[in-house]
Amino acid sequence: MFSKQRTEIKRLKSKQTIERLFSEGTHLGKRPMKLVCDTQKGGGLALGFGVSKRMFPRAVDRNKIKRLMREQYRIVCSDTSYTPIEGNGFFIYNSRELPSLETIEKAMLPLVKRWVDLQ
RNA sequence: ACCGCAGGCCUCCUUAUCGCUCCGCCUUGGCGGAGAGGAAAGUCCGGACACCAUAGCGCAGCAUAGCGGGUAACGCCCGUCGCUCCGAUUUAUCAGAGUAGGACCAGUGCAACAGAAAGCAAGUACAGUUCGGCUGUAGUGAAACCAGGUAAACUCUAUGCGGUGCAACGCCAUGUAAACCAACGUUUAGGAUAGCGCGUCCAAGUUGGAGGGUAGGCGGAUUGAGCGAUGCAGUAAUGCAUCGUCUAGAUUAAUGAUAGGGCACGACAGAAUCCGGCUUAUGGCCUGCUUUUUAU
RNA sequence: UGGCCUAUGGUGUAACUGGCAACACAUCUGAUUUUGGUUCAGAAGAGUCUAGGUUCGAUCCCUAGUAGGCCAA
């Protein structure tokens with residue numbers, strides 16, 4: 001995944017690590033998104049994306065939002081001012097309105113910056 | 001042309017750059033290939049597959065219901081008969097649509113109001129009469145001496161149905177029990193199963209043996225009652241034969257972004273074990289048929 | 001993924017085996033009171049979640065859908 005970039009990004013798959021991330025990780029909020037992250041070294045960068053079923057009952061909308069968030073993180077990585085991160089992160093979209101790529105960008109940039117500051 | 005009905009097809013296309021999931025090749029980052037639906041949905045039916053004697057047998061229970069056929073199977077599909085509806089007129093026909101349509105000569109129940117009377121009977125008024133009673137008419141009602149009506153009332157008849165579900169189930173690895181297996185022992189009391197009876201299984205203790213559960217990973221998992229073409233059989237659903245073809249397989253869960261062009265300016269909507277149906281949501285195009293109106 | 005249940009005035013509940021949809025609270029009007037509350041008298045407000053079917057006639061029986069809720073792993 002993102003193999004040409006400076007850092008390799010893994011998919012966050014394990015149920016155990018996700019549960020530990022949510023109980024021990026740092027919770028950052030910026031409307032309409034939320035980031036749960038830690039700074040665990042050695043494992044590289046692993047990311048997950050989630051949308052509440054309560055907010056969007058249709059699967060088509062949930063898939064769309066997750067694709068938009070993935071795309072936006074890819075754009076963030078390709079930027080020249082990006083500094084590599086190590087750890088686990090989970091992005092959650094937390095609003096009832098269907099977003100555009102711009103609103104995702106406005107929310108994600110400060111979240112990533114605060115995550116970098118934690119390193 | 002409009003309305004209604006039936007059947008079939010498609011689900012924005014294309015170019016460039018970057019990016020995602022799986023597979024193959026060389027090899028450690030490149031190349032090549034493939035990548036959501038007709039409903040993937042609701043979970044309403046039917047199977048495949050897997051495990052379980054707490055799985056068996058009988059009763060009970062549940063489902064289906066003209067007749068004939070198709071199918072792995074079905075509550076599905078096809079044909080056909082009857083009944084009902086629709087619009088029309090030729091008043092008995094038609095394009096169509098619907099139809100849980102077996103049996104009240106086995107038994108039980110039910111029928112508000114009205115009515116003399118709604119079920120082991122009793123009996124109103126008038127007329128006729130062969131004056132024994134019978135026959136006809138009236139009035140109430142959805143239905144009235146006639147082996148009445150009602151089974152989407154209980155029930156009966158025929159046919160079918162064991163249960164649980166891929167988070168089934170199998171393997172790997174970690175490896176501590178009060179948990180497992182076999183033998184001995186023993187009360188026949190209690191417990192176990194969607195209901196009941198029979199059956200079956202089960203405890204504490206001793207000895208010996210063996211490796212389980214949970215968290216995690218892998219398999220199950222995509223080549224199948226598959227799809228397409230042609231021919232034959234059949235009114236049709238469908239079946240058979242030959243040839244061709246491989247078409248998602250994820251597991252916090254893959255299809256996007258940017259720029260350019262075109263048009264009808266894109267509806268409903270995203271696979272999670274897999275098939276056959278049904279139902280619901282929904283954009284566009286084509287073909288055929290009935291009725292009506294207009295024109296020729 | 002699989003299974004189960006519910007829906008009736010604004011709210012909470014009834015309606016027996018199919019036969020005029022009932023009750024309480026809330027609302028409104030009037031009386032009592034200096035005023036308000038309490039109390040008393042009266043009124044309005046539904047066609048039973050939606051669409052079909054069976055029936056002479058459905059809240060009730062059957063089928064399909066909609067919305068909400070619950071359970072197991």
Side-chain angles (χ1 to χ4, degrees):
Chain A
M1 187 162 159
F2 305 121
S3 53
K4 267 187 133 180
Q5 306 301 325
R6 277 166 289 177
T7 52
E8 193 179 355
I9 300 176
K10 291 179 192 164
R11 290 159 76 176
L12 190 57
K13 292 183 180 183
S14 168
K15 191 177 176 181
Q16 266 188 333
T17 53
I18 289 171
E19 279 179 4
R20 196 177 62 237
L21 180 64
F22 271 79
S23 57
E24 299 174 9
T26 315
H27 290 245
L28 305 171
K30 164 74 181 164
R31 239 164 19 93
M33 281 178 64
K34 212 179 149 183
L35 171 65
V36 181
C37 62
D38 62 8
T39 56
Q40 194 182 34
K41 302 292 178 188
L45 178 60
L47 283 178
F49 300 88
V51 185
S52 168
K53 195 170 187 175
R54 196 175 292 258
M55 301 289 188
F56 295 91
R58 292 188 304 172
V60 173
D61 295 334
R62 274 180 272 131
N63 282 351
K64 179 77 177 173
I65 292 164
K66 283 193 274 188
R67 279 168 196 161
L68 285 174
M69 288 197 288
R70 262 189 267 274
E71 175 62 20
Q72 184 54 47
Y73 197 84
R74 192 181 67 82
I75 293 169
V76 168
C77 285
S78 57
D79 196 77
T80 46
S81 61
Y82 171 75
T83 49
I85 303 176
E86 271 195 276
N88 302 314
F90 201 96
F91 287 95
I92 298 161
Y93 186 76
N94 205 21
S95 167
R96 276 183 202 282
E97 290 171 24
L98 201 65
S100 66
L101 198 64
E102 288 178 24
T103 58
I104 299 262
E105 183 185 6
K106 281 180 188 169
M108 188 179 275
L109 281 174
L111 284 175
V112 172
K113 190 167 285 180
R114 283 163 71 184
W115 194 9
V116 169
D117 293 341
L118 284 173
Q119 298 284 319

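Below, all heavy atoms of this structure are taken into account, side chains as well, without hydrogens, waters or symmetry copies. In what follows, chains are A, B, ... by sequence order, proteins preceding strands, each numbered from 1.
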Output the single nucleotide from [options] whose closest atom is nearest the side chain of [X].
{"X": "A/R70", "options": "B/A254, B/C18, B/A271", "result": "B/A254"}
{"X": "A/A59", "options": "B/A269, B/A254, B/A271", "result": "B/A271"}
{"X": "A/K66", "options": "B/U255, B/A254, B/U252", "result": "B/A254"}
{"X": "A/N63", "options": "B/G19, B/G270, B/U252", "result": "B/G270"}

With both distances under 3.5 Å as the test, what is the Watson-Crick or G-U wobble partner of [N]?
{"N": "B/U252", "value": "none"}
{"N": "B/C110", "value": "B/G149"}
{"N": "B/C198", "value": "B/G56"}
{"N": "B/C86", "value": "none"}
{"N": "B/G24", "value": "B/C31"}
{"N": "B/G288", "value": "B/C5"}
{"N": "B/U258", "value": "B/A16"}
{"N": "B/C243", "value": "B/G228"}

Between [N] atom [atom2] and [X] atom [atom1], what is the distance in whole Å?
{"X": "A/L47", "N": "B/C20", "atom1": "CG", "atom2": "P", "answer": "13 Å"}
{"X": "A/Q72", "N": "B/U258", "atom1": "CD", "atom2": "P", "answer": "10 Å"}
{"X": "A/E105", "N": "B/G256", "atom1": "CD", "atom2": "P", "answer": "20 Å"}

* **Contact nearer the 5' end of RNA chain B, comparing A/F90 with A/V60** => A/F90
* **A/G48 or A/I75, whichever maps to the more 5' nucleotide of RNA chain B** => A/G48
[atom1] atoms of [N] and [M], separation to the nearest Å:
{"N": "B/U251", "M": "B/G220", "atom1": "C1'", "answer": "14 Å"}
{"N": "C/A7", "M": "C/A14", "atom1": "P", "answer": "9 Å"}
{"N": "C/G30", "M": "C/G47", "atom1": "C1'", "answer": "30 Å"}
{"N": "B/G213", "M": "B/C25", "atom1": "P", "answer": "37 Å"}
{"N": "B/A92", "M": "B/C2", "atom1": "P", "answer": "38 Å"}
{"N": "B/C198", "M": "C/G3", "atom1": "C1'", "answer": "32 Å"}
{"N": "C/G53", "M": "C/A72", "atom1": "C1'", "answer": "36 Å"}
{"N": "B/A248", "M": "B/U282", "atom1": "P", "answer": "30 Å"}

* To do: For RNA chain C, just give me the dot-bracket, please: Watson-Crick or G-U, both distances below 3.5 Å, ( ) intra-strand, [ ] crossing earlier pairs, | paired with another strand, . unpaired.
  => (((((((..((((.....[..)))).(((((.......))))).....(((((..]....)))))))))))).
Just so I know, are the side chains of [X] and [Y] near enough to count as touching, which here means a heavy-atom distance under 4.5 Å?
{"X": "A/I75", "Y": "A/Q72", "answer": "yes"}
{"X": "A/V51", "Y": "A/I92", "answer": "no"}
{"X": "A/M33", "Y": "A/M69", "answer": "yes"}
{"X": "A/F56", "Y": "A/Y93", "answer": "yes"}

* Asked: Would a distance-only check, ignoring hydrogens and angles, find a side-chain to backbone donor-acceptor pair under 3.5 Å from A/N88 to A/C37?
  -> no
* Asked: Is the backbone of A/L28 close enough, under 3.5 Å, to the side chain of A/R114 for a donor and an acceptor to pair up by distance?
  -> no
* With sugar-phosphate meaning primed atoms plus P, OP1 and OP2, does A/R58 contact a base, only sugar-phosphate, or nothing at under 4.0 Å between heavy atoms? -> sugar-phosphate
* Go through the N and O atoms of the side chain of A/R67 and the base of B/G19, and report whether any donor-acceptor pair is under 3.5 Å. => no
* Salt bridge present between A/D61 and A/R58 (N-O < 4.0 angstrom) -> yes
* To do: Kindly assign one of parallel, tilted or perpendicular to the pair A/F91 and A/W115, based on the angle between their ring planes and the thresholds 30° and 60°.
  => perpendicular
